[in-house]
Amino acid sequence: MSMNAESHAYARVTRRFDTSPERVFDAWLTPELIGRWMFGPAIRDEEIVKLTTDARVGGAFSYVVRRQGEEIDHIGEYREIDRPRRLVFTWAVAPDPIDSSRVVIDIEPLESGCALT
């Protein structure tokens, strides 16, 4: 295998939530909510420095946290926003967006709550 060959890894996770698809969708785009479930001292030993989102297609996000004295900036760009069904974005750690991943979030309404894949 050549050193320049791209390798692709895929992961698929599904989780059910006992709340509306809209609320689950918004939890991915609202800094206050992101700071409750994705980052921060309630999740791991880290401090939230700054969470920003420009929630529009072509808009970017930056989630800066401090772990063990080091600031880490998780960055990405929104590629598709279809509230409350689908969200597609890139994900990388600054300053290297070339190593970005593509994340696809699909939310399906259920009789009670929703399923996120």
Criterion side chain to side chain contact (heavy atoms under 4.5 Å, CB included) on Ile34 and Thr53, from CA distance to verdict:
CA-CA 10 Å; Ile34 292 164; Thr53 60; 4.1 Å; yes
Derivation and outcome, side-chain hydrogen bond (donor to acceptor under 3.5 Å, both in side chains), residues Thr117 and Thr14:
CA-CA 4 Å; Thr117 301; Thr14 299; 2.9 Å; yes
Test Ile105 against Phe89 for side chain to side chain contact (heavy atoms under 4.5 Å, CB included), laying out the working first.
CA-CA 9 Å; Ile105 306 293; Phe89 55 91; 4.0 Å; yes
Salt bridge (Lys or Arg N to Asp or Glu O under 4.0 Å) between Arg23 and Asp26, intermediate numbers included
CA-CA 5 Å; Arg23 186 164 177 186; Asp26 292 347; over 6 Å; no
Please lay out, stage by stage, how Arg16 and Asp18 fare under the test salt bridge (Lys or Arg N to Asp or Glu O under 4.0 Å).
CA-CA 7 Å; Arg16 296 177 80 133; Asp18 291 327; over 6 Å; no
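At a threshold of 4.5 Å between non-hydrogen side-chain atoms, the residues Phe17 and Ile107 do not count as touching. No side-chain heavy atom of Met38 sits under 4.5 Å from any side-chain heavy atom of Ile43. You'll find the side chain of Leu33 stays beyond 4.5 Å of the side chain of Trp28, heavy atoms only.
Side-chain contacts under 4.5 Å among hydrophobic residues (ILVMFWY), followed directly or transitively, place Val64 together with Val49. Summarising the hydrophobic clusters (Ile, Leu, Val, Met, Phe, Trp, Tyr; side-chain heavy atoms under 4.5 Å, direct or chained), the residues clustered with Val104 are Val88.
For Asp45, the CG atom counts as loosely surrounded, since its 6.0 Å shell holds 12 or fewer non-hydrogen atoms of other residues, nucleotides or ligands. Within 6.0 Å of CZ on Arg15 lie no more than 12 heavy atoms contributed by other residues, nucleotides or ligands. By the neighbour-count criterion of 12 heavy atoms within 6.0 Å, atom CZ of Arg67 is densely surrounded, having more than that number from other residues, nucleotides or ligands. Atom CZ of Arg83 is surrounded by more than 12 heavy atoms from other residues, nucleotides or ligands within 6.0 Å.
When ring centroids are compared, Trp91 and Phe61 come within the 6.0 Å threshold.
Between atom NZ of residue Lys50 and atom CZ of residue Arg66 there is a gap of 13.0 Å, rounded to the nearest 0.5 Å. Interatomic distance, CD of Gln68 versus CD of Glu47, reported as 13.5 Å (0.5 Å rounding). The distance from atom CG of Leu51 to atom OG1 of Thr30, rounded to the nearest 0.5 Å, is 11.0 Å.
The aromatic rings of Tyr63 and Phe39 are tilted relative to each other, their planes meeting at an angle between 30° and 60°.
No single ILVMFWY cluster, assembled from side-chain heavy atoms under 4.5 Å apart, contains both Ile75 and Val57.
Within the structure, the salt bridge (charged side-chain N to carboxylate O under 4.0 Å, His left out) test picks out the following pairs touching residues 103-117 (sequence neighbours left out): Arg86-Asp106.
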